[in-house]
Amino acid sequence: MLRLITDFDGPIVDVSERYYRVYQFCLEKTQRSDQSVRELSKAEFWQMKRSRVPEKQIAINSGLDEAQALEFAQLRRQTVHTEHYFQYDTLVPGAVEALLKIQAAGVDLAVMTMRRVWELDYAFQKFQLGRFFPENRCYCLANDYVKTRDIEDKPLLMARAIEELPAVADSWMVGDTEADITAAKKHNMKAIAVESGIRDRAQLELYHPEFILPNLSAAVDFILETRLKNQRSLSIG
């Protein structure tokens with residue numbers, strides 16, 4: 001049996017519009033009435049996020065001063081995961097087709113995300129994604145979980161998944177951040193990083209995933225092709 005564990009935001013859902021709307025809101029709320037600021041374009045903002053420019057620096061690049069930048073960063077943290085802004089999330093092109101393909105191929109499919117239960121349920125209902133991930137294949141944070149850092153919290157989720165899920169011959173992790181790569185590597189799982197999320201290629205390369213591919217569609221094709229090659233090798237051998 002082959003298993004694919006996929007992150008949610010990045011491989012499946014595009015959060016860029018939500019993050020940009022929150023940026024616009026925080027900039028508007030933080031600037032003084034008599035202050036001239038430079039609102040970044042969505043492309044400028046998202047590239048900064050993908051290259052891990054700190055929130056404070058994004059604020060300063062937008063024309064806020066040091067004190068305002070601190071206020072901006074705090075407001076952003078309070079706002080980005082509130083219910084109002086989740087409406088701006090969209091599906092990554094081709095993601096649903098990739099999930100259908102991997103499901104049809106008989107691969108055991110699980111999701112592992114830093115979303116809380118209610119945040120994942122919201123997206124499942126909005127995008128009709130629950131059909132791919134039964135409850136016993138969903139790994140997310142409890143609504144009252146006290147977060148530390150994703151790069152620390154995600155390996156804990158992975159440990160729980162490995163303990164609870166049936167053993168399989170081969171497993172892959174697909175994600176878009178250093179937390180996904182770290183969780184996979186800590187538990188001796190192959191990691192595919194995708195470029196459809198919140199980290200650019202340069203940031204992903206720092207954590208040495210086995211492969212970097214454009215998106216979930218490319219990852220699914222690669223995994224299925226690898227399985228086919230392995231099956232052929234076994235039959236020849």
Side-chain angles (χ1 to χ4, degrees), residues 7-93 95 113-123 126-127 140-141 143-154 175-182 193-207 214-215:
D7 186 22
F8 193 71
D9 295 331
I12 298 172
V13 168
D14 179 351
V15 301
S16 60
E17 184 65 20
R18 166 160 53 104
Y19 279 44
Y20 185 60
R21 296 282 185 131
V22 170
Y23 159 76
Q24 291 177 308
F25 167 77
C26 294
L27 184 62
E28 180 187 350
K29 288 294 183 184
T30 308
Q31 73 177 112
R32 295 185 298 272
S33 58
D34 62 343
Q35 184 179 17
S36 177
V37 297
R38 185 178 84 84
E39 182 182 291
L40 302 172
S41 69
K42 182 181 176 182
E44 288 176 305
F45 165 79
W46 193 236
Q47 185 48 53
M48 288 185 191
K49 289 296 297 179
R50 297 189 76 230
S51 58
R52 298 191 75 183
V53 174
E55 295 295 335
K56 275 180 59 182
Q57 190 58 51
I58 290 175
I60 289 168
N61 291 353
S62 303
L64 300 180
D65 62 31
E66 189 77 21
Q68 288 174 310
L70 285 170
E71 184 184 344
F72 171 96
Q74 183 177 19
L75 182 59
R76 186 262 175 195
R77 282 193 297 273
Q78 294 169 352
T79 308
V80 71
H81 297 298
T82 54
E83 187 168 357
H84 169 74
Y85 284 96
F86 276 100
Q87 65 181 302
Y88 296 111
D89 287 350
T90 58
L91 286 168
V92 172
T113 174
M114 292 291 95
R115 284 193 181 221
R116 299 186 184 279
V117 171
W118 78 264
E119 295 168 347
L120 188 60
D121 285 347
Y122 177 94
K126 179 180 179 182
F127 300 118
C140 60
L141 301 181
N143 289 330
D144 59 354
Y145 184 87
V146 180
K147 290 185 181 182
T148 58
R149 296 191 305 152
D150 288 1
I151 204 165
E152 296 170 2
D153 289 333
K154 201 143 203 178
D176 68 321
T177 71
E178 61 281 355
D180 301 304
I181 301 167
T182 300
V194 292
E195 297 178 89
S196 55
I198 201 166
R199 297 287 183 263
D200 61 21
R201 190 179 189 91
Q203 289 296 319
L204 295 171
E205 285 174 345
L206 295 174
Y207 292 86
N215 49 38

Side chains of V13 and V92, heavy atoms from C-beta outward: is any pair under 4.5 Å? no
Salt bridge (Lys or Arg N to Asp or Glu O under 4.0 Å) partners of residues 19-30, not counting sequence neighbours, each pair once: E17-R21
One should read off an interatomic distance between D150 CG and D180 CG, to the nearest 0.5 angstrom, of 8.5 Å
With no hydrogens and no angle check, is any side-chain donor or acceptor of S196 less than 3.5 Å from a backbone partner on G10? yes
For R38, enumerate each residue passing the side chain to side chain contact (heavy atoms under 4.5 Å, CB included) test, keeping only those at least two apart in sequence or located in another chain. L40, E44
Hey, could you give me the CD/OG1 distance between E119 and T82, rounded to the nearest 0.5 Å? 9.5 Å
Donor-acceptor contact present, side-chain R149 to main-chain A179, <3.5 Å: no
Going through the checks in order, is the side-chain hydrogen bond (donor to acceptor under 3.5 Å, both in side chains) test met by T148 and D153? CA-CA 7 Å; T148 58; D153 289 333; 2.8 Å; yes
Cation-pi geometry met for R18 and F86 (6.0 Å, 45°): yes
Would you call the rings of Y85 and F25 parallel, tilted or perpendicular if under 30° counts as parallel and over 60° as perpendicular? tilted
When rounded to the nearest 0.5 Å, the distance separating CG of L204 from CD of E195 is 7.0 Å
Student check: side-chain heavy atoms of L27 and V37 closer than 4.5 Å: yes
Rounded to the nearest 0.5 angstrom, the OG1-CD1 distance for T90 and I12 is 13.0 Å
Salt bridge D89-R115, side-chain N to carboxylate O under 4.0 Å: yes
May I ask you to decide if P93's main-chain N or O and N215's side chain share a donor-acceptor pair within less than 3.5 Å? no
Between Q203 (side chain) and D200 (backbone), is there a donor-acceptor pair under 3.5 Å? no
Could you check Y122 against R116 for side chain to side chain contact (heavy atoms under 4.5 Å, CB included), going step by step and ending with a plain yes or no? CA-CA 10 Å; Y122 177 94; R116 299 186 184 279; over 6 Å; no
Heavy-atom distance under 4.5 Å between the side chains of K154 and M114, does that happen here? yes
Below 4.5 Å, heavy atoms only, C-beta onward: do R199 and R52 meet side chain to side chain? yes
Do I198 and D9 come close enough that some side-chain heavy atom pair is under 4.5 Å? no
Any K49 side-chain heavy atom under 4.5 Å of Y20 side chain: no
Just so I know, are the side chains of D176 and P11 near enough to count as touching, which here means a heavy-atom distance under 4.5 Å? yes
Any idea how W46 and Y19 line up, ring-wise: parallel (<30°), tilted (30 to 60°), or perpendicular (>60°)? perpendicular
Pairs under 3.5 angstrom only: tabulate donor-acceptor contacts from the side chains of residues 57-77 to other protein residues two or more places apart or in another chain.
unit_1	atom_1	unit_2	atom_2	d
Q57	NE2	N61	OD1	2.8
S62	OG	Y23	OH	2.7
S62	OG	I58	O	2.8
D65	OD1	A67	N	3.2
D65	OD1	Q68	N	2.8
D65	OD2	R32	NH1	3.4
E66	OE2	K56	NZ	3.0
Q68	OE1	Q35	NE2	2.9
Q68	OE1	D65	N	2.9
Q68	NE2	T30	O	3.2
Q68	NE2	Q35	OE1	2.7
R76	NE	E55	OE2	3.4

